[in-house]
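Beneath this line is the structure, given in structure tokens, with notes to follow.
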Amino acid sequence: TVTLEAKEGKKAEQHVVLLGKKVKPDDDSSAYYARVSGQDLVFELSSWKARDFLNEFRDTKMFEFKDEDLKQVAVVWPKGKLVAAKDGDDYKLVQPAKLDRYDPQKVKDIVSEMRWLRADRFAQYAGQPKPAFGLSKPRMTVELEMKDGTKHTIRFGAVTPKDKDK
């Protein structure tokens, strides 16, 4: 339900748009059924326009944390793992014990990216992720472990259809 209020002169009008189910439930690009409250007409609202309404009220921020609360960072990919512990303003390599070309600045960059990471759009709103998302065997996983034991994890899966050509 979306409520819009328009003021023209001194008179305010309120319009309520009711957003229903998808026209084709199994199709991510399906239109949605919708109607304006108080009117009999039911119409189809394109998925991209409905998404504007749906996403407008969601927080796209992935994580919220302070640097001083961070304990360590782990980056895992199919053939390796790197763990770096916060040591003052730097990151000390924990795993593997030795690495020929370790650059603590790269870890700082990852932490900064995680702090500013935002969703472009939402691919699914509930339930187990679809296999096509590639999240059961991710390309990469980044985990931030906080001093209080809280963990913030993101898994990078399959490339989205809109990004395949990039």
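Applying the side chain to side chain contact (heavy atoms under 4.5 Å, CB included) rule to Lys92 yields the partners Asp87; only residues at least two apart in sequence or on another chain are considered. Residues passing the side-chain hydrogen bond (donor to acceptor under 3.5 Å, both in side chains) test with Asp148 are Thr150, sequence neighbours excluded. Judged as a side-chain hydrogen bond (donor to acceptor under 3.5 Å, both in side chains), and not counting sequence neighbours, Lys24 has no contacts. With sequence neighbours left out, Ser112 forms a side-chain hydrogen bond (donor to acceptor under 3.5 Å, both in side chains) with no residue at all. Residues satisfying the side chain to side chain contact (heavy atoms under 4.5 Å, CB included) criterion with Val23, sequence neighbours excluded, are Ser30, Ala31, Tyr33, Glu44. For the side chain to side chain contact (heavy atoms under 4.5 Å, CB included) test, residues two or more places apart in sequence or in another chain that qualify with Phe133 are Ala123, Gln124, Pro129, Lys130, Leu135. Partners of Lys81 according to the salt bridge (charged side-chain N to carboxylate O under 4.0 Å, His left out) rule, which considers only residues two or more places apart in sequence or in another chain, do not exist here. Checked against side chain to side chain contact (heavy atoms under 4.5 Å, CB included), Glu64 has the following partners two or more places apart in sequence or in another chain: Lys61. Partners of Arg155 under the salt bridge (charged side-chain N to carboxylate O under 4.0 Å, His left out) rule, at least two apart in sequence or in another chain, do not exist in this structure. Remark: Gln128 pairs with no residue by the side-chain hydrogen bond (donor to acceptor under 3.5 Å, both in side chains) rule, at least two apart or across chains.
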Would you tabulate the side-chain donor-acceptor contacts of residues 102-109 under 3.5 Å, counting partners in other chains and residues two or more places apart, or write 'none'?
unit_1, atom_1, unit_2, atom_2, d
Tyr102, OH, Tyr91, O, 2.8
Asp103, OD1, Gln105, N, 3.0
Gln105, NE2, Asp109, OD1, 2.9
Lys108, NZ, Asp89, O, 3.1

Side-chain donor-acceptor pairs under 3.5 Å in residues 136-146, sequence neighbours left out?
unit_1, atom_1, unit_2, atom_2, d
Glu143, OE1, Thr153, OG1, 3.4
Glu145, OE1, Gln72, NE2, 3.4

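The side chain to side chain contact (heavy atoms under 4.5 Å, CB included) test with Leu82 is passed by exactly one of Leu93, Val94, Ile110: Leu93.
Between Arg115 and Phe65 there is a side-chain heavy-atom pair separated by less than 4.5 Å. With contacts defined as side-chain heavy-atom distances shorter than 4.5 Å, the pair Val36/Leu41 does not qualify.
Across Arg35 and Phe43, no two heavy atoms sit closer than the pair CA-CE2, 3.5 Å.
Tracing side-chain contacts under 4.5 Å through hydrophobic residues (I, L, V, M, F, W, Y), one reaches Leu117 starting from Val111; they form part of the same cluster. A continuous path of Ile, Leu, Val, Met, Phe, Trp and Tyr side chains, each step under 4.5 Å between heavy atoms, connects Val73 with Met114, placing both in one hydrophobic cluster.
Lys22 contributes atom NZ, which lies 8.5 Å from atom CG of Asp26 (distance to the nearest 0.5 angstrom).
Ion pairing between Asp67 and Lys86 fails under the 4.0 Å rule for side-chain N and carboxylate O.
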